Amino acid sequence: MVQAIYISDIGNHEGHEVSLNGWLYNKRSSGKLHFLQLRDGTGTIQCVMFKGDVSPDMFQQADHLPQESSLTVTGTVRADARSPIGFEVSVKSLTVHQLAHEYPITPKEHGVAFLLDHRHLWLRSARQHAILRVRSEIIGACRDYFDDHGFTLLDAPIFTPAACEGTTTLFPVKYFDDTVYLTQSGQLYMEAGAMAFGKVYCFGPTFRAEKSKTRRHLTEFWMIEPEVAYCDLNGDMDLAEDFIEYVVQRVLTKRQKELTALERDLPKLANIKKPFPRISYGEAIELLQKKGIDIQWGADFGGDDETIISESFDRPVIIHRYPTENKAFYMKADPENPKVALCMDVLGPEGYGEIIGGGQREDDLALLEKKIRDHGLPEQAFSWYLDLRRYGSVPHAGFGMGIERMVSWLTGLHHVREAIPFPRMLERVTP
RNA sequence: UCCUCGGUAGCUCAAUCGGCAGAGCAAUCGGCUGUUAACCGAUAGGUUGUAGGUUCGAGUCCCACCCGAGGAGCCA
């Protein structure tokens with residue numbers, strides 16, 4: 001019995017006969033030989049079949065293999081300087097598991113709409129493969145970071161009774177005779193967790209029913225949210241900075257092959273090291289004004305404004321202390337200047353926009369009650385949350401990081417839709 | 001929700017002023033002993049998003065709707 005191996009492991013089998021289980025990625029023919037590009041999920045390798053080496057039937061069959069047919073190829077591993085991976089397989093026999101129907105995604109150009117309609121097949125292409133392996137590494141790095149720094153994973157619920165922030169649109173779900181909503185953040189639950197465990201994080205899907213139609217938005221995305229008791233805004237920024245540095249450097253080390261395949265500028269990522277520049281909202285406004293932008297204190301940053309700010313630095317920039325007005329009710333006002341909140345955003349470089357948003361939470365019961373009233377929120381729905389301020393309230397802080405935006409930044413994507421296996425967007429929920 | 005652009009063969013696109021519906025790739029058949037999005041020859045492939053209207057004649061002009069892409073606002 002010939003040993004079945006993965007293509008990623010091919011280098012350990014030079015000169016030996018092996019079997020490869022996979023799918024036909026592409027095929028070329030030259031009369032008396034066939035070049036079969038076989039992929040198995042770990043890589044792609046060229047399998048060369050000479051007419052004299054196999055039966056006439058097998059050679060004829062190999063000439064009529066549709067793209068993505070499932071195959072087992074048996075042959076001898078041979079070093080070859082012409083191969084991009086250094087090896088080829090000289091085919092001795094071929095088993096066809098299924099002759100694929102005509103495959104819609106050809107090795108030519110396709111439009112985005114067509115590819116998204118065939119997302120379940122698009123995942124097989126080399127570029128998508130590289131992106132999603134980087135995503136997998138990013139998620140692994142995020143979890144390892146928090147696990148190794150004393151955090152406890154505490155899963156937040158997906159069904160929630162009310163808005164976390166009131167302003168953002170939620171997806172209603174029929175829940176027996178009631179209506180509940182798909183979560184838009186696990187934060188409030190993480191605050192409960194921080195009071196119980198000290199340091200916690202959650203990682204799960206998040207839903208926003210905003211009718212956003214931009215390269216940075218999905219209606220369903222994955223967010224990782226740490227929350228730390230006895231932590232202030234500065235501690236929160238320290239955590240975000242250390243966390244991002246770890247994730248970026250780890251992906252750079254372990255997924256260099258994928259990043260190179262995606263033609264990512266590696267030195268730019270290697271440069272992502274602590275400390276990150278930290279500027280206040282007010283300083284960001286001044287920076288924009290100096291660049292000739294007509295913007296006044298109190299205004300929100302638009303996408304273009306964020307890009308201008310982030311392109312002024314060679315690494316992520318932390319912007320802190322935004323105006324309290326228009327910010328979520330749970331954000332703590334700065335005791336030294338109540339017009340601003342102890343919150344922060346981390347903007348990715350190269351115009352990638354907001355990667356992280358977070359800050360210090362309001363820990364005073366009376367102030368929090370007042371803010372809930374001022375925001376017109378149903379006090380009853382937040383009574384459990386207010387308990388956290390009744391029973392041993394302490395300063396605490398946290399943040400949320402959008403996984404897809406991180407993936408987009410690190411892989412250099414133009415749109416977050418490629419950063420998740422099956423994107424959900426306005427007007428697109430299939431496949 | 002608003003603004004802009006688009007919808008023609010399975011895919012990517014062309015079709016001049018309103019005048020015969022076209023090409024490349026994929027498919028099918030044939031050729032080639034080193035191809036790298038292989039190449040060469042041939043065959044087949046169409047309700048031009050939908051429904052109205054103008055016209056001798058509409059892929060092309062007008063109206064409505066559907067779908068998609070890009071951007072804005074909002075956010076991670």
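Every value quoted in this text rests on a predicted model; they were computed, and no experiment measured them. Quick note: numbers below take in every heavy atom, side chains included, and nothing from hydrogens, waters or symmetry partners.
When both pairing distances are held under 3.5 Å, B:U1 makes a Watson-Crick or G-U pair with B:A72. Nucleotide B:U33 forms no Watson-Crick or G-U wobble pair with any nucleotide shown, as no partner meets the under 3.5 Å limit on both distances. For B:A44, there is no paired nucleotide, since no Watson-Crick or G-U wobble pair has both relevant distances below 3.5 Å. Using N1 to N3 plus N6-O4 or O6-N4 for Watson-Crick, or N1-O2 and O6-N3 for G-U wobble, each under 3.5 Å, B:A21 pairs with nothing. Across all strands shown, B:A64 forms a Watson-Crick or G-U wobble pair, both distances under 3.5 Å, with B:U50.
As judged by a 4.0 angstrom heavy-atom cut-off over every strand, A:N26 is placed among residues touching the sugar-phosphate backbone only. Nucleic acid contact class of A:F221 (heavy atoms, under 4.0 Å, all strands): base. Note on A:G111: only backbone sugar-phosphate atoms sit closer than 4.0 angstrom, heavy atoms only; bases stay farther off. As judged by a 4.0 angstrom heavy-atom cut-off over every strand, A:S29 is placed among the base-contacting residues. Within the 4.0 angstrom heavy-atom criterion, no nucleotide atom of any strand lies near A:G52. As judged by a 4.0 angstrom heavy-atom cut-off over every strand, A:E88 is placed among the base-contacting residues. Residue contacts for A:H414: at a heavy-atom cut-off of 4.0 Å it reaches no nucleic acid atom on any strand shown. As judged by a 4.0 angstrom heavy-atom cut-off over every strand, A:T214 is placed among the base-contacting residues. Among the atoms of the strands shown, none is found under 4.0 Å from any heavy atom of A:I403. Within the nucleic acid shown, A:I356 comes within 4.0 Å of sugar-phosphate atoms alone, with no base atom in reach, counting heavy atoms only. As judged by a 4.0 angstrom heavy-atom cut-off over every strand, A:Q46 is placed among the base-contacting residues. Using a 4.0 Å heavy-atom distance criterion, A:H415 is classed as a sugar-phosphate-only contact. Residue A:K213 is classed as a base contact, given a heavy-atom separation below 4.0 Å to a base.
Using a 30° and 60° split on the angle between ring planes, A:H149 and A:Y145 fall in the parallel class, below 30°. Taking the six-membered ring for Trp and thresholds of 30 and 60 degrees, A:F203 and A:W222 have ring planes inclined between 30 and 60 degrees apart.
Nucleotides B:G53 and B:G19 are separated by 22 Å at their P atoms, to the nearest Å. Here the separation of B:A58 from B:A21, taken at their C1' atoms, is 13 Å to the nearest Å. Of the P atoms belonging to B:A51 and B:C56, the separation is 23 Å, rounded to the nearest Å. Annotation: B:U16 and B:C62 have their P atoms spaced 15 Å apart (nearest Å). Between B:C29 and B:G68, the distance separating the two C1' atoms is 37 Å to the nearest Å. Atom name P, nucleotides B:A9 and B:C66: the rounded distance is 22 Å, in whole Å. A distance of about 33 Å separates the P atoms of B:C20 and B:C67, rounded to the whole Å.
By the 4.0 Å N-to-carboxylate-O rule, A:E245 lies too far from A:K274 to be salt-bridged with it. Ion pairing between a basic and an acidic side chain is recognised when a charged N comes within 4.0 Å of a carboxylate O; A:R208 and A:E220 show no such pairing. Ion pairing between a basic and an acidic side chain is recognised when a charged N comes within 4.0 Å of a carboxylate O; A:D334 and A:K339 show no such pairing.
A:S69 OG to A:H101 NE2: the interatomic distance, rounded to the nearest 0.5 Å, is 9.5 Å.
Checked against B:G68, B:U35, B:C75, the side chain of A:E306 finds its nearest nucleotide in B:C75. Candidate nucleotides B:G68, B:G30, B:C74 were compared by shortest atom distance to the side chain of A:E210, and B:C74 ranks first. For A:F35, whose side chain is taken as the heavy atoms from C-beta onward, the closest listed nucleotide among B:G73, B:U35, B:U33 is B:U35. Of all nucleotides listed (B:G34, B:A26, B:C74), B:C74 comes nearest to the side chain of A:H217.
Distance, A:L116 CG to B:A69 P: 7 Å, rounded to whole Å. Going from atom CZ of A:R78 over to atom P of B:G34 covers 14 Å, rounded to whole Å. As rounded to whole Å, 10 Å separates atom C1' of B:C67 from atom CG of A:D117. Rounded to a whole Å, the CD atom of A:E102 is 10 Å from the P atom of B:C11. Rounded to an integer number of Å, the gap from CG of A:L218 to C1' of B:A76 is 10 Å. Rounded to a whole Å, the CZ atom of A:F114 is 14 Å from the P atom of B:A69. Straight-line distance from the CG atom of A:L347 to the P atom of B:A76: 12 Å, rounded to whole Å. At whole-Å resolution of the value, CG in A:L170 and P in B:C75 are 14 Å apart.
Both A:P66 and A:R417 lie close to RNA chain B; mapped to their nearest nucleotides by heavy-atom distance, the more 5′-ward contact belongs to A:P66. Each of A:Q67 and A:D345 was assigned the nucleotide of RNA chain B with the nearest heavy atom; the assignment lying further toward the 5' end belongs to A:Q67.
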CA sep, side-chain torsions, deciding dist, call: A:R278, A:E241, salt bridge (charged side-chain N to carboxylate O under 4.0 Å, His left out): CA-CA 10 Å; A:R278 299 180 185 188; A:E241 184 180 74; 3.4 Å; yes
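Judged as a ring pair (Phe, Tyr, Trp, His ring centres under 6.0 Å), and not counting sequence neighbours, the contacts of A:H110 are A:F114.
With hydrogens and angles ignored, a donor-acceptor pair under 3.5 angstrom links the side chain of A:R405 to the base of B:C75. At a cut-off of 3.5 angstrom, counting only N and O atoms as typed in the model, there is no donor on one side facing an acceptor on the other between the side-chain of A:H110 and the base of B:C11.
Within a 6.0 Å radius of CG in A:D374, more than 12 heavy atoms belonging to other residues, nucleotides or ligands are found.
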